[in-house]
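The structure under discussion appears below in the form of structure tokens.
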Amino acid sequence: MTVTADLAVSLDGFMAGTDVTLDNPGGDGGEPLFEWIHNLASWRERQGMTGGEENRDSQLMREWFEATGAVVMGRTMYDTGEEFWGDNPPFRAPVFVLTHRPRPALVKEGGTTFTFVTDGIHSALDRARAAAGDRNVDIAGGASTVRQYLREGLIDELHLHVVPVLLGDGLRLFEGLGTGRRDLKPLGVVHTPLATHLKYRFVR
């Protein structure tokens, strides 16, 4: 079982634009980071839709879905995504939401459950590992949540989808990670017209 962080980022390292709000989850100017995903056949399947492009990007997205047995996310990501995902979210796996505001677990269509964890990142990860079985746990975001897990050395692999755009400002992924060198081993790279897909493993 591997703990991953699978994220779309701009060429200059942003994973969202400026002024992220519940009504504007990608932030101002952040649309290109997510637009490339929405017409992929594998993404549409997970949204209960038909059609879409069946290409290498779609294959990579499908591989992520199939490999992921549980997801951890922050409360802001949940709040901004809740309306967009609707009653049939794409995860189809247990999702553990980090929060300071407890609420009952939610069971959605398609096998997605949201459990709200109030006792920290380690507890959320332990629960996600137990739920995932022999599949991966993905730290989905947002930026603050991913940074917390990176600072603690709890992520095994980084999967970055680098979108060919410079945002210039916004929510930067690799910020506030503390000091000290961290080596990574390249595991693979796939170039497509929509994104460059990079996969790294942290060297322990």
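The model shown is predicted, which means the values in this text are computed figures rather than measured ones.
Of all heavy-atom pairs between A41 and E54, the closest is CB-OE1, 3.6 Å. When all heavy atoms are compared, the tightest approach of M61 to I37 is CE-CG2, 3.6 Å. Nearest approach of V137 to A132, heavy atoms of both residues: CG2-CB, 3.8 Å. Nearest heavy-atom pair across D57 and A195 is OD1-N, 4.4 Å. Nearest approach of V117 to S123, heavy atoms of both residues: CG1-OG, 3.9 Å. Considering every non-hydrogen atom in both A70 and A128, the closest pair reads CB-O, 3.4 Å.
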Derivation and outcome, side-chain hydrogen bond (donor to acceptor under 3.5 Å, both in side chains), residues S10 and D12 = CA-CA 5 Å; S10 65; D12 49 351; 2.5 Å; yes

Does the salt bridge (Lys or Arg N to Asp or Glu O under 4.0 Å) test come out yes or no for E45 and R92, once each step is laid out?
-> CA-CA 11 Å; E45 288 168 11; R92 301 189 184 179; over 6 Å; no

Quick one: do L106 and F116 satisfy side chain to side chain contact (heavy atoms under 4.5 Å, CB included)? Show the steps, please.
-> CA-CA 9 Å; L106 297 176; F116 298 86; 4.2 Å; yes

Between T145 and M77, is a side chain to side chain contact (heavy atoms under 4.5 Å, CB included) present by the stated rule, with each step listed?
-> CA-CA 9 Å; T145 297; M77 180 175 178; over 6 Å; no

Test side chain to side chain contact (heavy atoms under 4.5 Å, CB included) applied to R46 and S42, step by step | CA-CA 7 Å; R46 286 286 177 142; S42 56; over 6 Å; no

Please test N55 against L40 for side chain to side chain contact (heavy atoms under 4.5 Å, CB included), starting from the C-alpha separation and ending with a verdict.
-> CA-CA 8 Å; N55 52 25; L40 301 181; 3.6 Å; yes

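In the hydrophobic clustering of this structure, L7 does not group with V165; members are Ile, Leu, Val, Met, Phe, Trp, Tyr whose side-chain heavy atoms approach within less than 4.5 Å, directly or through other members. Hydrophobic clustering of Ile, Leu, Val, Met, Phe, Trp and Tyr side chains at less than 4.5 Å, counting indirect connections, unites V9 with I139. No single ILVMFWY cluster, assembled from side-chain heavy atoms under 4.5 Å apart, contains both V71 and V3. Taken together through direct or relayed side-chain contacts under 4.5 Å among Ile, Leu, Val, Met, Phe, Trp and Tyr, M1 and F65 form parts of separate hydrophobic clusters. Cluster annotation: L60 and W43 are assigned to distinct hydrophobic clusters (Ile/Leu/Val/Met/Phe/Trp/Tyr, side-chain heavy-atom contacts under 4.5 Å, transitive).
By the side chain to side chain donor-acceptor pair (under 3.5 Å) test, D79 is found to be paired with R75, R101, residues two or more places apart in sequence or in another chain being considered. Applying the side chain to side chain contact (heavy atoms under 4.5 Å, CB included) criterion to F202, with sequence neighbours excluded, gives L150, I155, L158, R182, L184, R204.
A donor-acceptor pair under 3.5 Å is formed between the side chain of D138 and the backbone N or O of D6. Formation of a donor-acceptor pair under 3.5 Å by the T2 side chain with backbone atoms of T4 is not found in this model. The main-chain N or O of L177 is never found under 3.5 Å from a side-chain atom of R147 such that the two would form a donor-acceptor pair. With hydrogens and angles ignored, the 3.5 Å screen pairs no side-chain donor or acceptor of N88 with any backbone N or O of Q47. Under a 3.5 Å cut-off, the side chain of R201 and the backbone N or O of E157 do not form any donor-acceptor pair.
Taking 4.0 Å as the cut-off between side-chain N and carboxylate O, E63 and R56 count as a salt-bridged pair. No salt bridge links E82 with K108; every basic N to acidic carboxylate O contact stays at or beyond 4.0 Å. A salt bridge does not link K185 to D183: none of the charged side-chain nitrogens sits closer than 4.0 Å to a carboxylate oxygen.
Taken to the nearest 0.5 Å, the OG1 atom of T192 stands 11.0 Å off from the CD atom of Q59. Note: D119 CG to I121 CD1 = 11.5 Å, rounded to the nearest 0.5 Å.
Under the 4.5 Å side-chain criterion, counting only non-hydrogen atoms from C-beta, V162 is in contact with L11.
Taking the six-membered ring for Trp and thresholds of 30 and 60 degrees, Y78 and W85 have ring planes inclined between 30 and 60 degrees apart. Aromatic ring pairs are classed by plane angle as parallel below 30°, tilted from 30° to 60° and perpendicular above 60°; the pair H161 and H197 is perpendicular.
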